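Numbered from 1 within each chain, the chains take letters A, B, ... in sequence-line order. Computed from a predicted structure; not experimentally measured.
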Amino acid sequence: AQSVTQLDSQVPVFEEAPVELRCNYSSSVSVYLFWYVQYPNQGLQLLLKYLSGSTLVKGINGFEAEFNKSQTSFHLRKPSVHISDTAEYFCAVTRRNNDMRFGAGTRLTVKP
Amino acid sequence: DAGVIQSPRHEVTEMGQEVTLRCKPISGHNSLFWYRQTMMRGLELLIYFNNNVPIDDSGMPEDRFSAKMPNASFSTLKIQPSEPRDSAVYFCASSLALTGKMNTEAFFGQGTRLTVV
């Protein structure tokens, strides 16, 4: 069975500090991996995706993620966060049957 | 393209009533997903269509829920009869899956906030 685990439900951080949001997946086959962001009362918006190739993926708003196959992880990072990064972040995987499954989400709160 | 369009944005209904949520995917996309988002359960995949055919409906909570995709540009999610525990935000998403390839990105609508009282 496919599952996505986001290890932290809430991450508070001060403005301009670095942040890492953790994501682990369970799969014995190749998958595609994604990070989405959801602002209040909005739909989900793609931040970045890993399909193949370089394991370090850069996305919008200064975010990046690293695919680690041996650790089955796809952690999201940003070296310096802004107040405007406050949102809910979701890790997701696409399975061979083409459905897309999401983690429980991590609420990032950036404090001044 | 205007993106994935969902209607209505908000729906308040009484327990026992039928509720129909609507979705217009992005033109040219061949995969469509219905998700339900709640505080308790997060973002759950309810059903997934490919080329208008339901591929996986294992996430549909019970027989009160049904989904249809009569053509490539329209899908509905129906709850009959509705119950207070169905209150949630329902999202529709679409993507383009090339033959033999996996979906590379899902585009989400703004969601329908359903409240059953």
Review point. Do A:Y25 and A:L47 sit in the same hydrophobic cluster, where Ile, Leu, Val, Met, Phe, Trp and Tyr count as joined when their side-chain heavy atoms come under 4.5 Å apart?
Key: yes

Review point. Taking non-hydrogen atoms and a cut-off under 4.5 angstrom, which of residues 38-46 of chain B neighbour chain A?
Key: B:L43, B:L45

**Study point:** Over 12 non-hydrogen atoms of neighbours within 6.0 angstrom of CD in B:E14
**Key:** no

**Study point:** Shortest non-hydrogen contact between A:N41 and B:R113, atoms and distance
**Key:** OD1-NH2, 3.5 Å

Review point. Under 6.0 Å between ring centres, would you say that holds for B:F108 and A:F102?
Key: yes

Review point. Side chain, backbone, both or neither: which part of B:T112 has an atom under 4.5 Å from a heavy atom of chain A?
Key: neither

Practice item. Can you tell which part of A:Q38 gets under 4.5 Å to a heavy atom of chain B, answering side chain, backbone, both or neither? Key: side chain

Review point. Are B:Y35 and B:V19 joined in one hydrophobic group, where the rule is that I, L, V, M, F, W and Y side chains link up if heavy atoms are under 4.5 Å apart?
Key: no

Exercise for review: Give a yes or no on whether A:L44 and B:Y90 share a hydrophobic cluster (residues Ile, Leu, Val, Met, Phe, Trp, Tyr; joining criterion: side-chain heavy atoms under 4.5 Å apart).
Suggested key: no

Review point. Hey, any chance A:V57 and A:L76 share a hydrophobic cluster, counting ILVMFWY side chains that come within less than 4.5 Å of each other, even indirectly?
Key: yes

Exercise for review: Using a 4.5 Å cut-off on heavy atoms from C-beta on, say whether the side chain of A:Y32 contacts that of B:E105.
Suggested key: no

Review point. If you take all heavy atoms of A:F90 and B:Q37, which pair is closest and at what distance?
Key: CZ-NE2, 3.4 Å

Point to revise | Separation of B:S31 OG from A:M100 CE (nearest 0.5 Å) | key: 9.5 Å

Practice item. Please check if atom NZ in A:K49 has more than 12 non-hydrogen atoms from other residues, nucleotides or ligands closer than 6.0 Å. Key: yes

Review point. Is the CG atom of B:D63 crowded by more than 12 outside heavy atoms at less than 6.0 Å?
Key: no

Exercise for review: Please answer: with hydrophobic residues joined when any side-chain heavy atoms are less than 4.5 Å apart, are A:L48 and A:Y39 in the same cluster?
Suggested key: yes

Practice item. Taking A:Y36 for its side chain and B:A106 for its backbone only, find out whether a donor-acceptor pair lies under 3.5 Å. Key: yes

